[in-house]
Undergrad: 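I have a structure I would like to understand better, so I am pasting it below and will then ask my questions one at a time.
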Amino acid sequence: MDAAAAQAAAGGDEEQDQARMDAIAGSLQTRDAMRLYNWLSQRCFSDCVVTFYRRALGKREEECVRSCVRKYRLFSTATGARFAHIADTTSSPSAAFDD
């Protein structure tokens, strides 16, 4: 096998490795999203649903569930923004805490 063929084979291996890594990352993201959804559903249900007399949620229960999800989404967005800010300040590690 000459050098050009060996390099081409190595490049193909790198592409296959990258494709495998992308598939694994996608699978992990899906798994994490499902875990988060299940956790949030369980958390808000446990906090808000107190009666089982009817199929539909009561007005208070529905408002509670909406509030619970809204709070989590706001918290998650703020946390993500903070982490992004910290990642952007890599040139000065102490600058991440200057706010």
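By convention here, the first residue in the shown sequence is residue 1.
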Undergrad: Can you give me every donor-acceptor pair (side chain of residues 47-54, partner residue at least two apart or in another chain, under 3.5 Å) with its distance?
TA:
from	atom 1	to	atom 2	distance (Å)
Asp47	OD2	Arg43	NE	3.0
Thr51	OG1	Glu61	OE2	3.1

Undergrad: Between Glu63 and Ser67, is there a side-chain donor-acceptor contact under 3.5 Å, judged purely by atom types and distance?
TA: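 Looking only at side-chain atoms, Glu63 and Ser67 do not form any donor-acceptor pair under 3.5 Å.
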
Undergrad: Per the side chain to side chain contact (heavy atoms under 4.5 Å, CB included) rule, which among Gln29, Arg35, Met34 passes with Arg31?
TA: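 Going through the options one by one, the only one that passes is Arg35.
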
Undergrad: What donor-acceptor contacts under 3.5 angstrom involve side-chain atoms of residues 68-81, with partners at least two apart or in another chain?
TA:
from	atom 1	to	atom 2	distance (Å)
Thr77	OG1	Arg73	O	2.8
Thr79	OG1	Phe75	O	2.8

Undergrad: Nearest 0.5 Å please: distance from the CE atom of Met21 over to the CG atom of Leu28.
TA: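 That separation rounds to 9.0 Å.
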
Undergrad: How long is the straight-line distance from CG of Asp22 back to OG of Ser27, given to the nearest 0.5 Å?
TA: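 Rounded to the nearest 0.5 Å, the OG-CG separation comes to 12.5 Å.
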
Undergrad: Measure the SG-CZ distance between Cys64 and Phe45 for me, rounded to the nearest 0.5 Å.
TA: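 Going from SG on Cys64 over to CZ on Phe45, the span is 11.5 Å.
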
Undergrad: Does a donor on one side chain sit under 3.5 Å from an acceptor on the other, for Asn38 and Gln42?
TA: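 No - no donor-acceptor pair under 3.5 Å links their side chains.
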
